[in-house]
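Structure, as structure tokens:
This is a predicted model, so every value here is computed, not measured. Below, read A as the first sequence line, B as the second, and so on, with proteins coming before strands; counting in each chain starts at 1. Only this structure's heavy atoms are used, side chains among them; waters, hydrogens and symmetry mates stay out.
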Amino acid sequence: MLETLSQILASESPRASITVRGWVRTKRDSKSCSFLELTDGSCFKGLQGVVDAGLPCAELLPRILTGTSVEVVGALIDSPAPGQKWEVQVHDLKILGEADASYPLQKKGHTPEFLRTIAHLRPRTNLFGSVFRVRSKMAFAVHRFFQERGFFHVHTPIITSSDCEGAGEMFRVTTQKPNVPTKPEEDFFGRPTYLTVSGQLQGEAFACALGNIYTFGPTFRAENSNTARHAAEFWMIEPEMAFYDLFADMTLAEENVRYLVQAMMSECPDELEFFNKFVDKALISRLQQTLDKPFERISYSEAVELLLKSGRSFEHPVVWGEGLQTEHERFLAEEHVQGPVTIYNYPKAIKPFYMRQNDDERTVAAMDLLVPGIGEIIGGSQREERLDRLTTAMNAQGLDEETYRWYVDLRRYGSVPHAGYGMGFERLLMFVTGVSNIRDVVAFARTPGHAPY
RNA sequence: UCCUGAGUAGCUCAGCGGUAGAGCGGGUGGCUGUUAACCACUAGGUCGUAGGUUCGAACCCUACCUCAGGAGCCA
């Protein structure tokens, strides 16, 4: 395997000969030499190459503009100037691919809005390079968290026929031609099918067999929502645990968030420092606080009381039985608790059929984990394991029994208490990077009216 | 989908009724172990699109398009 910059920079002593392949970030010319700032994406840091004016390869320098890809051979030496530990004294230089003056990235700052329009080039910037290195590290940490705890990874289907939760518009999957009237039973799958909005229902089937499972994959919502927190395609982590009740569920969710924050801090220090400096100056202190302080838990009813007693005038009235609005959640997480907070036991009427009914007959065992700046990062519940209660709830919400027959079977045969949650992976990334727009933590974001790649 | 704001050079922006501007980036020259280098010169624009008002519109009005921020829905 070829050596990456990340490996080269980890050197403990000078080396007579190294080879660096990467892109030129900037070039600075001096009379006796030129300085090339090289990056290869393997880590946040770059390496400065020094090309003496007398070298034969120095003739290439006029053709090297920002963005040019090069192969550099030279000696890794202690840098005599402040600003970097190492530099490479160039012996030979090869241009792999030129980049002319139309290359849109400059060394000066670009707005994220502009960079979104060149999503194929933006991972070459400090900001987006950092975001996507972190995204990879976090994805692996998600698997590690569950695997270390004996959870099994289940690959639930992307194409589904159950319009789970009745929560939101779905993307239709079909092979039928437009403008040709055909029946769903004549379609590819013999029935209407959609891109999944959640793997939860299938996840429950596996939890009721393997015990503790999780899914981690793409999910799709055809909602016309235009916000910094919504995308039409996003990744979700959905653990499902047999024999867990709501409180065990909440505990796992909190540990999960804390584990990932810890991973961010210990595995991505350079990126973290960059985000803290240029994206969100309160990032490190907020993450540290997340680790230091236990997460608070407030029941929905208590939360309503708190909001009513806060003396705040909210744009949306606070009424028991209504969902908490964004401004309410922000108040709870950012002002009242000033940290992550779990709200639990929501009114039955505003939650889907599968959540377990509490003894009070008016709430269900649901929970949302709210974090400052983002809002809901996790939503979960204990599932209704009692056959009669489940079918009653299904009927009340007008669901087709035939479609959910297999799901009801889980209660018919050896039903067990179980619980789970869904964590929005992009929202987690926003939380640990401080990046405020979901479009900037997705490689090629899909939002309403926007799928150019 | 609703509300608000913005679209001027490749990028970031100023100009807000009277000849289209700056910084960065590009080119040329100079200087310098430089590090968002520096200095001088230079090229670069149907002022989002289409109408309208006016002697005259980047600027005022209308519609549309695009983007952003906020809201709803949620992860």
Side-chain angles (χ1 to χ4, degrees), chain A residues 25-38 46-53 62 65-67 77 79-84 87 89 99-118 121 125-126 165-169 197-200 216 218-238 253 278 314-316 322-330 350-352 368-371 374-380 421-431 436-442 447-450 452:
Chain A
R25 268 286 166 75
T26 72
K27 180 182 67 171
R28 295 176 292 272
D29 293 319
S30 173
K31 183 170 242 171
S32 58
C33 58
S34 284
F35 300 92
L36 301 177
E37 194 68 34
L38 303 168
L47 180 62
Q48 171 168 281
V50 185
V51 186
D52 281 333
L65 303 181
T66 299
I77 60 170
S79 179
Q84 57 281 318
E87 65 183 34
Q89 185 66 51
D100 67 17
S102 66
Y103 185 65
L105 298 175
Q106 300 170 15
K107 43 189 145 182
K108 281 221 170 182
H110 292 288
T111 59
E113 291 78 26
F114 168 66
L115 293 171
R116 258 170 236 158
T117 67
I118 47 167
L121 295 174
T125 63
N126 275 336
E165 313 173 56
E169 290 296 307
V197 294
S198 163
Q200 179 202 314
F216 184 11
T219 49
F220 307 87
R221 306 273 165 97
E223 292 292 342
N224 186 18
S225 24
N226 290 285
T227 82
R229 281 164 229 89
H230 293 84
E233 177 181 315
F234 64 99
W235 282 58
M236 194 152 61
I237 297 135
E238 296 184 287
F278 292 107
F314 292 107
E315 199 177 319
H316 298 85
E322 302 279 315
L324 297 176
Q325 302 297 314
T326 297
E327 56 176 340
H328 305 145
E329 296 185 343
R330 289 184 70 109
I350 59 169
K351 290 293 182 183
D368 284 351
L369 176 50
L370 313 177
V371 295
I374 316 286
E376 185 179 347
I377 199 172
I378 285 177
Y421 58 84
M423 170 159 61
F425 186 51
E426 282 77 11
R427 291 201 180 163
L428 170 85
L429 291 172
M430 292 166 73
F431 183 59
S436 59
N437 196 310
I438 195 167
R439 286 169 268 238
D440 296 333
V441 297
V442 178
T447 50
H450 202 79

**Request:** Find the distance A/Glu113:CD to B/rG48:P and express it as a whole number of Å.
**Result:** 18 Å

**Request:** Looking at every strand, decide which applies to A/Gln48 at a 4.0 Å heavy-atom threshold: base, sugar-phosphate, or nothing.
**Result:** base

**Message:** Taking 4.0 Å as the cut-off, does a side-chain nitrogen or oxygen of A/Gln325 come that near to OP1 or OP2 on B/rC73?
**Reply:** yes

**Complete:** Checking N1-N3 plus N6-O4 or O6-N4 for Watson-Crick, or N1-O2 and O6-N3 for wobble, each under 3.5 Å, the partner of B/rC31 is none

**Message:** When the C1' atoms of B/rU34 and B/rU8 are compared, how many Å lie between them, rounded to an integer?
**Reply:** 35 Å

**Prompt:** Roughly how far apart, to the nearest Å, are B/rC60 and B/rG72 at atom P?
**Reply:** 33 Å

**Message:** Regarding A/Ser79 and A/Gln84, do their side chains bring together a donor and an acceptor under 3.5 Å, going by distance alone?
**Reply:** yes

**Request:** Considering only atom C1', compute the distance from B/rG51 to B/rG45 and round it to an integer number of Å.
**Result:** 23 Å

**Under 3.5 Å on both distances, the Watson-Crick or G-U partner of B/rC74** = none

**Asked** In whole angstroms, how far is the P atom of B/rU66 from the CG atom of A/Asn226?
**Response** 11 Å

**Message:** Taking 4.0 Å as the cut-off, does a side-chain nitrogen or oxygen of A/Ser79 come that near to OP1 or OP2 on B/rG33?
**Reply:** no

**Asked** Can you tell me if the side-chain N/O atoms of A/Thr111 get under 4.0 Å from OP1 or OP2 in B/rU12?
**Response** yes

**Message:** Any donor-acceptor pair under 3.5 Å linking the side-chain atoms of A/Thr227 with those of A/His230?
**Reply:** yes

**Asked** What nucleic acid atoms does A/Arg330 come within less than 4.0 Å of, heavy atoms only: base, sugar-phosphate, or nothing?
**Response** nothing

**Message:** As a test of reading the structure: which of B/rA75, B/rG33, B/rC11 is closest to the side chain of A/Ala81, going by heavy atoms?
**Reply:** B/rG33

**Rounded distance in Å between the C1' positions of B/rG17 and B/rA58** = 11 Å

**Message:** Quick one: does any side-chain atom of A/Thr66 pair with a main-chain N or O of A/Arg25 as donor and acceptor, under 3.5 Å?
**Reply:** yes

**Prompt:** Taking the six-membered ring for Trp, does A/Phe425 stack with B/rA75 (centroid gap under 5.5 Å, planes within less than 30°)?
**Reply:** no

**Asked** Reckon A/Asn437 has a side-chain N or O less than 4.0 Å from the OP1 or OP2 of B/rG69?
**Response** yes

**Message:** On the side chain of A/Glu37, is there an atom forming a donor-acceptor pair with the base of B/rU34 - under 3.5 Å, no angle test?
**Reply:** no

**Prompt:** Between atom CD in A/Gln106 and atom C1' in B/rG10, what is the gap in whole Å?
**Reply:** 7 Å

**Prompt:** Which whole number of Å gives the distance between the P atom of B/rG25 and that of B/rG5?
**Reply:** 35 Å

**Request:** Just call it for A/Leu65: base, sugar-phosphate, or nothing, with non-hydrogen atoms closer than 4.0 Å on any strand.
**Result:** sugar-phosphate

**Prompt:** For atom P, what is the distance between B/rC64 and B/rU46, given to the nearest Å?
**Reply:** 27 Å

**Request:** Give a yes/no answer on whether the side chain of A/His450 brings an N or O atom under 4.0 Å of OP1 or OP2 in B/rC67.
**Result:** yes

**Request:** Taking only the side-chain nitrogens and oxygens of A/Arg439, find out if one of them lies under 4.0 Å from OP1 or OP2 of B/rA68.
**Result:** yes

**Asked** Is a side-chain donor-acceptor pair under 3.5 Å present for A/His316 with A/Glu327?
**Response** yes

**Prompt:** Does the side chain of A/Glu238 come under 3.5 Å of the side chain of A/Ser198 through a donor N or O and an acceptor N or O?
**Reply:** yes

**Complete:** dist A/Met236:CE -> A/Ile378:CD1 (nearest 0.5 Å) comes out at 11.5 Å

**Side chain of A/Glu223 - closest among B/rC73, B/rA75, B/rU34** = B/rC73

**Interatomic distance where CD1 belongs to A/Ile118 and C1' belongs to B/rC67 [whole Å]** = 15 Å

**Asked** Ring centroid separation for A/Phe425 and A/Phe216, is it under 6.0 angstrom?
**Response** yes

**Request:** Answer yes or no: side-chain N or O of A/Glu87 and base N or O of B/rG33 forming a donor-acceptor pair under 3.5 Å.
**Result:** yes

**RNA chain B: 5'-proximal contact among A/Asn224 and A/Ile350 (nearest heavy atom)** = A/Asn224

**Message:** Mind checking if A/Ile237 touches a base, just sugar-phosphate, or nothing, with heavy atoms under 4.0 Å?
**Reply:** nothing

**Message:** I'd like to check A/Arg229 versus A/Met430 (side-chain heavy atoms, cut-off strictly below 4.5 Å). Are they in contact?
**Reply:** yes

**Asked** Taking atom P of B/rA75 as reference, at what distance in whole Å does atom CZ of A/Phe220 sit?
**Response** 16 Å

**Prompt:** Between A/Glu87 and A/Gly49, is there a donor-acceptor pair closer than 3.5 Å when you use the side chain of the first and the backbone of the second?
**Reply:** no

**A/Asp52 versus A/Gln89, side-chain donor and acceptor atoms under 3.5 Å** = yes

**Asked** Contact class for A/Leu105 vs. all strands (heavy atom < 4.0 Å): base, sugar-phosphate, or nothing?
**Response** nothing

**Request:** Sort out the partner of B/rA9 for me: Watson-Crick or G-U wobble, both distances under 3.5 Å, none otherwise.
**Result:** none

**Request:** Calculate the interatomic distance between A/Glu327 atom CD and B/rC74 atom P; express it in whole Å.
**Result:** 16 Å

**Item:** Pairwise P distance for B/rG44 and B/rA9, with rounding to whole Å
**Value:** 15 Å

**Message:** Just the rounded figure in Å: distance from P of B/rC74 to CD of A/Glu238.
**Reply:** 16 Å

**Complete:** By the Watson-Crick or G-U definition, both distances under 3.5 Å, B/rA20 is matched with none

**Request:** Tell me which of A/Glu329 and A/Gly449 sits closer to the 5' end of RNA chain B, going by the nucleotide each one is nearest to.
**Result:** A/Gly449

**Fill in**
From CZ of A/Phe114 across to P of B/rC11 the rounded distance in Å is 5 Å

**Fill in**
Expected string for nucleotides 36-42 of chain B under the B/S/- scheme (protein heavy atoms, under 4.0 Å, primed atoms plus P, OP1, OP2 as sugar-phosphate) is BB-----

**Request:** Can you check whether any acceptor in the base of B/rC74 is under 3.5 Å from a donor in the side chain of A/His230, or vice versa?
**Result:** yes

**Integer angstrom distance from the P of B/rU12 to that of B/rG48** = 14 Å

**Asked** Taking a pair as Watson-Crick or G-U wobble with both distances under 3.5 Å, which nucleotide is matched to B/rA37?
**Response** none

**Message:** Classify A/Pro80 by what it touches in the nucleic acid, base, sugar-phosphate, or nothing, heavy-atom distance under 4.0 Å.
**Reply:** base

**Expected output: side-chain A/Arg221 to main-chain A/Val197 donor-acceptor under 3.5 Å** = yes

**Message:** Is there, by distance only and without an angle test, a donor paired with an acceptor across the side chain of A/Arg229 and the base of B/rC73 below 3.5 Å?
**Reply:** no

**Complementary nucleotide for B/rG69 - Watson-Crick or wobble, under 3.5 Å** = B/rC3

